[in-house]
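Here's the structure we're looking at; comments come further down.
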Amino acid sequence: MAAEDKRKPMAEGDTALARLEALASDRRARLLDAAEAAFAEAGFAGASMNAILTAAAMSKGQAYYYVHDKGDLYSAVIERALGELVGRMDFSAPLRATTINAFWNGIYAAFERLSGALVADPVMAALGRTMYEGPQTEKALETPLARIRGALELLVEKGQGLGAVRSDMPRALIVDMVLSAARALDRWFAENWDDLSPEEAARLNLEGLKMIRAMVAPTEDERAAGPRVSRPA
């Protein structure tokens with residue numbers, strides 16, 4: 001006889017943010033805004049689920065129909081925040097580029113917009129620092145990072161077609177290396193943000209991107225041969 005499933009029923013959705021779509025938009029925004037403010041101020045470990053729910057005027061019974069626990073709610077907050085940031089960056093220019101310079105200039109401009117957004121929104125910048133607290137916050141990044149990786153794959157494929165990105169290695173490996181380097185850069189900024197002027201943050205951001213560009217640049221032989229069909233992932 002099969003064991004009885006005693007788990008409480010929950011809204012449908014693979015992620016907390018997807019499940020929260022079933023909640024009325026004003027109540028969803030109130031919950032996520034309260035959680036974002038709490039995590040930005042106190043970090044993941046210091047934020048109180050009870051205080052978040054009180055600020056959102058929501059009972060535990062109501063909240064736990066949509067989220068499993070504080071970690072699940074944090075995941076929804078991070079997924080929403082990263083989605084907003086990526087939307088502000090706008091990668092349409094490099095994806096439309098027809099030259100190597102236009103491709104990289106489009107990427108530089110997108111990350112310049114990111115730096116400007118973080119300077120203008122200290123709550124978002126503080127929230128970014130919480131992403132490196134430990135295993136629980138790392139787990140919360142799985143879904144948004146998977147989406148970011150998908151967008152990065154498109155950029156690498158476009159760059160390879162233009163001859164802006166090397167094509168002698170599997171695309172999946174190049175994407176993994178770029179994502180790892182970008183996360184190292186992001187973590188450094190998260191840990192040092194308060195000590196940086198906006199001008200210095202912008203300069204280091206650009207120089208970090210130039211380092212990533214140098215890492216994925218085509219070899220001399222590839223440059224001599226010109227763009228070619230890239231190796232699949």
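The figures here come from the full heavy-atom set of this structure, side chains too, leaving out hydrogens, waters and symmetry mates.
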Practice problem: Give the intermediate values and the outcome of side-chain contact (heavy atoms from CB on, under 4.5 Å) for residues Leu73 and Leu31. | Solution: CA-CA 9 Å; Leu73 179 57; Leu31 174 61; 4.1 Å; yes
Any side-chain to backbone donor/acceptor pair from [X] onto [Y]? Under 3.5 Å, distance only.
| X | Y | answer |
| --- | --- | --- |
| Arg113 | Met89 | yes |
| Lys158 | Ala97 | yes |
| Lys60 | Leu53 | no |
| Asp121 | Met124 | yes |
| Asp90 | Ala110 | no |
| Glu153 | Ala172 | no |
| Glu133 | Phe44 | yes |
| Thr137 | Gly134 | yes |

[Y] side chain reached by [X] side chain, heavy atoms, under 4.5 Å:
| X | Y | result |
| --- | --- | --- |
| Thr15 | Glu79 | yes |
| Phe39 | Met131 | no |
| Phe103 | Thr99 | no |
| Trp193 | Leu118 | yes |
| Val216 | Met177 | no |
| Leu82 | Ile78 | yes |

Which pair of heavy atoms, one from [X] and one from [Y], lies closest together, and at what distance?
| X | Y | value |
| --- | --- | --- |
| Ala55 | Ala34 | CB-CB, 3.9 Å |
| Gly128 | Ala190 | O-CB, 4.2 Å |
| Ala40 | Leu127 | CB-N, 4.1 Å |
| Ala47 | Ala42 | N-CB, 3.8 Å |
| Ala93 | Gly106 | CB-CA, 4.3 Å |
| Leu145 | Arg183 | CD1-NH1, 3.6 Å |

Quiz item: Stepwise, does the side-chain contact (heavy atoms from CB on, under 4.5 Å) test hold for Trp104 with Leu209?
Solution: CA-CA 9 Å; Trp104 283 111; Leu209 289 172; over 6 Å; no
State the [atom1]-[atom2] distance between [X] and [Y], to the nearest 0.5 angstrom.
| X | Y | atom1 | atom2 | result |
| --- | --- | --- | --- | --- |
| Leu155 | Leu95 | CG | CG | 5.0 Å |
| Ile174 | Leu179 | CD1 | CG | 13.5 Å |
| Gln136 | Leu141 | CD | CG | 12.5 Å |
| Glu157 | Leu162 | CD | CG | 11.0 Å |
| Glu12 | Tyr66 | CD | OH | 12.0 Å |
| Arg80 | Ser75 | CZ | OG | 13.0 Å |

Could you tell me whether [X] and [Y] make a salt bridge, using a distance below 4.0 angstrom between a side-chain N and a carboxylate O?
| X | Y | answer |
| --- | --- | --- |
| Asp14 | Arg19 | no |
| Glu199 | Arg203 | no |
| Arg129 | Asp186 | no |

Looking only at side-chain N and O atoms, does [Y] offer a donor or acceptor that is under 3.5 Å from a partner on [X]?
| X | Y | answer |
| --- | --- | --- |
| Gln160 | Arg171 | yes |
| Asn50 | Ser48 | no |
| Tyr74 | Thr130 | yes |

Hey, is [atom1] on [X] packed in by over 12 heavy atoms from elsewhere, all under 6.0 Å?
| X | atom1 | value |
| --- | --- | --- |
| Glu207 | CD | yes |
| Gln62 | CD | yes |
| Met211 | CE | no |

Exercise. Sequence neighbours left out, what passes side chain to side chain contact (heavy atoms under 4.5 Å, CB included) with Leu196? Give chain and number order.
Key: Trp188, Phe189, Glu200, Ala201, Leu204
Quiz item: Do Arg147 and Thr143 pass the side chain to side chain donor-acceptor pair (under 3.5 Å) test, and can you show the C-alpha distance, the side-chain angles, and the key distance before you say yes or no?
Solution: CA-CA 7 Å; Arg147 293 180 179 171; Thr143 296; over 6 Å; no
Practice problem: Consider only side-chain heavy atoms of I, L, V, M, F, W and Y, link residues closer than 4.5 Å, and tell whether Leu114 and Val123 are in one cluster. | Solution: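 Looking at the clustering, Val123 is in a separate group from Leu114.
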Quiz item: What do the steps show when you test Met10 against His68 for side-chain contact (heavy atoms from CB on, under 4.5 Å), and what is the final call?
Solution: CA-CA 9 Å; Met10 295 192 73; His68 293 292; 3.0 Å; yes
Quiz item: Taking it one step at a time, do Tyr108 and Lys210 satisfy side-chain contact (heavy atoms from CB on, under 4.5 Å)?
Solution: CA-CA 9 Å; Tyr108 293 159; Lys210 288 180 179 179; 3.7 Å; yes
Practice problem: For the pair Asp33 and Arg28, evaluate salt bridge (Lys or Arg N to Asp or Glu O under 4.0 Å) and give the outcome as yes or no after the intermediate values. | Solution: CA-CA 8 Å; Asp33 290 348; Arg28 180 174 66 249; over 6 Å; no
